[in-house]
Structure formats: C-alpha cells, structure tokens
Amino acid sequence: MQEYIGQPCIICSEAFTKQDDIVTCPDCGTPYHRACWKKNGACVNTTLHTQGESWIKQYQAKEKMRRAQERRDEEAEQAAARESGQSPALNPEIYDGIRLSDTDPCLGLDPDELLDGITVSEASAFIHTNIFYYLPLFRLMKRTGKKLSFNFVSLICPHFYFANRKMWGSAMAALLLNTLLEIPAMIQLLYQQMDITLPWANVESSAFRIVYAASFVIYIILSAVWCLRANHMYYRFAQRQIQRIRQSSASTEESHARLSSAGGTSLLNVVLILGMQFLITRVMEFLLIVVR
C-alpha cells in the first residue's frame with residue numbers, strides 16, 4: 001500500500017503513514033483509516049461510485065502528471081543554468097528520457113509506461129541488476145519489435161548467461177544441445193589422448209570427418225543464435241514472470257517485492273550449471289568408453 005502513504009484520508013483529512021491500519025473501499029478503492037471506516041460505516045467518496053471510477057486510477061493519473069511537471073521544471077532549471085553560464089547540478093537526460101541515477105530505479109522514465117503488458121517499474125524491479133543496459137533495450141524491443149541484439153556472454157557460454165538470469169529451461173536446453181554437438185570432439189579426443197577407438201566411430205574415416213565438421217558448423221550457428229536472441233528471450237521471460245507474479249499478488253507493494261526476489265541474477269545458479277556441465281561431460285565420456 002505504498003501508494004497510500006502521504007495521501008489524506010477523506011474523512012479525518014490526516015495523511016496516511018506506514019504505521020496506519022489502512023482499508024480500502026471494495027468498490028472504488030478509496031483508502032481510509034480503519035477507525036474512520038468503522039466510524040462512518042460506508043464509503044463517502046460518492047463521486048467515484050457515481051462515475052464508476054477508481055481511486056487508484058485517479059491517483060496514478062495525478063502521479064503521472066506530477067512526474068511530467070517535475071521533468072519540465074527540471075529541464076527549465078537546466079536551461080536557465082546553461083543560459084547563465086552555470087553548470088546544471090541536476091542529472092541531465094542521456095538519451096530517450098534515460099538518466100543516470102543512484103536513487104531512481106526507473107532512470108527518469110515514467111514508471112507506468114507499458115512494455116508489452118508490463119510497466120517500466122515492474123521491469124526495473126525484476127531486472128534488478130544492470131538496469132541501465134536492459135531497461136532501454138526492453139523499450140527498444142517494444143517500440144520496434146526488434147528481436148536481435150548482441151550478447152557476448154551467450155556467444156561464449158549461453159547456459160551460464162541463462163542460469164545467471166534464472167532462466168532454467170533455456171539454460172538446460174543450451175547445455176544439452178551444446179553437449180550433444182561436442183560428442184564428435186569427445187570421440188576424437190579419446191582417440192588422440194587415450195588411444196581409444198570406437199568400432200562404430202572410426203575417427204580416420206571420411207564419414208566421421210563429415211560428421212565432425214557438420215557438428216562444428218551447427219555449434220557455431222547455434223552459438224550465433226544464442227548470442228543474437230538471448231536478450232529478447234530474457235525480455236519474454238521477464239514478461240511472463242512479471243505477469244504471473246502480478247496476478248498472484250494482493251497488492252502492488254507485494255508484487256514489486258516478489259519481483260525483486262524472483263528476478264535479478266544468481267551466482268549460485270552459475271555454480272550449479274557449471275557442476276551439471278562437468279557431470280554431464282564425465283557421464284558422456286564414460287558411456288562412450290563403455291559402449292565401445
């Protein structure tokens with residue numbers, strides 16, 4: 001109920017604080033102190049009931065206007081400072097509304113701006129780390145429909161990137177596919193280092209060389225796909241997770257708290273996927289030796 005803090009109760013006119021027991025009208029959403037609600041026995045905001053409006057929608061509209069006015073005032077102050085030869089002390093816009101800020105998680109953007117069904121504030125809470133890179137990228141994807149962008153980590157080790165961003169389905173798919181494509185290289189390594197020859201895979205035959213070359217080419221192509229699509233896959237993953245959490249949350253405050261926990265990055269996941277990679281590789285080598 002963070003949005004109610006500082007707003008006046010329309011019965012007693014006192015501003016709500018974090019310590020207050022706040023209740024809302026089930027029809028229009030107008031907030032009250034619990035004692036005021038009990039004392040009056042009903043919602044007194046009859047205008048909203050008559051118009052079929054919502055208090056929270058009116059609040060959000062006012063907040064949007066207030067933030068827009070703050071931006072205009074800031075730009076006017078910066079312009080005045082420049083005209084007088086002074087260096088503006090305010091945080092200037094970098095590009096497309098983005099501002100570097102240690103205190104504003106939305107980087108100067110409108111928190112209620114929609115990104116394909118999720119808001120900027122929800123995306124920011126979910127991204128949690130490296131917001132300055134991903135938030136503008138998400139906006140670009142929404143505006144242009146762009147799906148391709150460069151992701152260096154996914155080019156080298158996509159399963160590490162996906163695991164770090166808590167995308168376990170994509171992480172396991174990348175790990176298993178890459179491991180399968182590495183089987184010809186494993187067979188050749190067994191032959192070169194351990195002099196182990198597999199009857200069904202003669203490394204000196206032309207057929208094996210063709211399979212080896214084909215697996216390498218497919219591996220390169222797949223690496224390029226992970227590299228160029230990973231950011232968009234993360235964008236879609238964030239949308240699904242945010243919408244799921246929003247639907248199962250009782251309030252905006254609870255939703256944002258859960259988004260911060262569910263999103264972000266996880267070094268533990270990277271360690272886990274590294275352990276899985278080592279285990280799968282060793283098991284694959286063991287099976288290749290056993291089945292010969």
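The first residue in the sequence is number 1, and the count goes up from there.
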(request) Could you note down all residue pairs passing salt bridge (charged side-chain N to carboxylate O under 4.0 Å, His left out) where residues 5-16 supplies at least one of them, sequence neighbours left out? (result) none
(request) Looking only at non-hydrogen atoms, find the nearest pair between I245 and S255 and report the distance. (result) CG2-O, 3.8 Å
(message) I need the minimum non-hydrogen distance between V44 and N40, along with the two atoms involved.
(response) CG1-ND2, 2.9 Å
(message) Could you see if F138 belongs to whatever hydrophobic cluster contains I131? Use Ile, Leu, Val, Met, Phe, Trp, Tyr and a side-chain cutoff under 4.5 Å.
(response) yes
(message) Under a 3.5 Å cutoff, is there a donor and acceptor pairing between the side chains of Y235 and D116?
(response) yes
(request) Evaluate the criterion side chain to side chain contact (heavy atoms under 4.5 Å, CB included) for residue pair T24 and Y4; output intermediate values, then yes/no. (result) CA-CA 10 Å; T24 59; Y4 303 132; 3.4 Å; yes
(request) Could you tell me which non-hydrogen atom of Q51 sits nearest to which non-hydrogen atom of Q58, and how far apart they are? (result) OE1-NE2, 4.5 Å
(message) Taking S251's backbone N and O only, do any of them form a donor-acceptor pair with S249's side chain (distance below 3.5 Å, no angle check)?
(response) no
(message) Just verifying a value: how many Å separate W37 CH2 and I22 CD1, rounded to the nearest 0.5 Å?
(response) 14.0 Å
(request) Tell me whether Y161 is reachable from L222 by hopping between hydrophobic residues (I, L, V, M, F, W, Y) whose side-chain heavy atoms are closer than 4.5 Å. (result) yes
(request) Apply side chain to side chain contact (heavy atoms under 4.5 Å, CB included) to the pair K146 and H232, showing each step before the final yes or no. (result) CA-CA 8 Å; K146 179 181 179 181; H232 188 261; over 6 Å; no
(message) Could you measure the distance from the OG atom of S121 to the CG atom of D104? Nearest 0.5 Å is fine.
(response) 10.5 Å
(message) Looking at Y212, is its backbone amide N or carbonyl O close enough to the side chain of S215 to form a donor-acceptor pair, meaning the two atoms are under 3.5 Å apart?
(response) yes
(request) Tell me whether M284 is reachable from I187 by hopping between hydrophobic residues (I, L, V, M, F, W, Y) whose side-chain heavy atoms are closer than 4.5 Å. (result) yes
(request) Report yes or no: do L228 and V225 belong to one cluster of Ile/Leu/Val/Met/Phe/Trp/Tyr joined by side chain heavy-atom distances under 4.5 Å? (result) no
(request) Using modelled atom types only, decide if a donor and an acceptor are shared between the side chain of S124 and the backbone of P105 within a distance under 3.5 Å. (result) yes
(message) Among F237, F160, Y134, exactly one meets side-chain contact (heavy atoms from CB on, under 4.5 Å) together with R165. Which residue is that?
(response) Y134
(request) Given side chain to side chain contact (heavy atoms under 4.5 Å, CB included), test I273 with F278 step by step and report yes or no. (result) CA-CA 9 Å; I273 203 72; F278 177 82; over 6 Å; no
(request) Could you list all the side-chain hydrogen bond (donor to acceptor under 3.5 Å, both in side chains) pairs where at least one residue sits in residues 262-274, not counting sequence neighbours? (result) S266-N269
(request) Write down the atom of C36, the atom of I11, and the distance for their closest heavy-atom approach. (result) O-CD1, 3.6 Å
(message) Can you tell me how the ring of W226 sits relative to the ring of F162, calling it parallel under 30°, perpendicular over 60° and tilted otherwise?
(response) perpendicular
(message) For a quick test of reading the model, state the closest non-hydrogen atom pair linking C9 to H33 and the distance between them.
(response) CB-ND1, 3.4 Å
(message) I'd like to know if the side chain of N231 pairs up with that of S149 as donor and acceptor (distance under 3.5 Å, no hydrogens or angles considered).
(response) yes
(request) Find the distance between CG (L137) and CG (N151) and round it off to the nearest 0.5 Å. (result) 9.5 Å
(message) If you apply the rule side chain to side chain contact (heavy atoms under 4.5 Å, CB included), what do you find for R236 with Q239, and how did you get there?
(response) CA-CA 5 Å; R236 292 304 182 192; Q239 289 176 12; 2.8 Å; yes
(message) Donor-acceptor check, side chain of E122 to backbone of T119, threshold 3.5 angstrom: yes or no?
(response) yes
(message) Within this structure, what is the CZ-NZ distance for the pair R229 and K147, rounded to the nearest 0.5 Å?
(response) 6.0 Å
(request) Give the C-alpha distance, both sets of side-chain angles, the deciding distance and a yes or no for side chain to side chain donor-acceptor pair (under 3.5 Å) between R246 and Q243. (result) CA-CA 5 Å; R246 181 202 300 154; Q243 290 169 354; over 6 Å; no
(request) Step through it carefully: locate the ring centre of Y32, locate the ring centre of W55, and say whether they are under 6.0 Å apart. (result) no
(message) For a quick test of reading the model, state the closest non-hydrogen atom pair linking T30 to C28 and the distance between them.
(response) OG1-SG, 3.0 Å
(message) I'd like to know if the side chain of R66 pairs up with that of Q69 as donor and acceptor (distance under 3.5 Å, no hydrogens or angles considered).
(response) no
(message) Is a donor from one side chain sitting under 3.5 angstrom from an acceptor on the other, for S248 and R258?
(response) yes
(message) Other members of the hydrophobic cluster containing F150, with the 4.5 Å side-chain heavy-atom rule, please.
(response) F152, L155, I156
(request) Nearest 0.5 Å please: distance from the CD1 atom of I242 over to the NE2 atom of H256. (result) 8.5 Å
(message) Let me confirm one number: the OG1-CG distance from T179 to L181, rounded to the nearest 0.5 Å.
(response) 9.0 Å
(message) Hydrophobic clusters here meaning ILVMFWY residues chained together by side-chain heavy-atom distances under 4.5 Å, can you tell me if L274 and V283 are in one?
(response) no
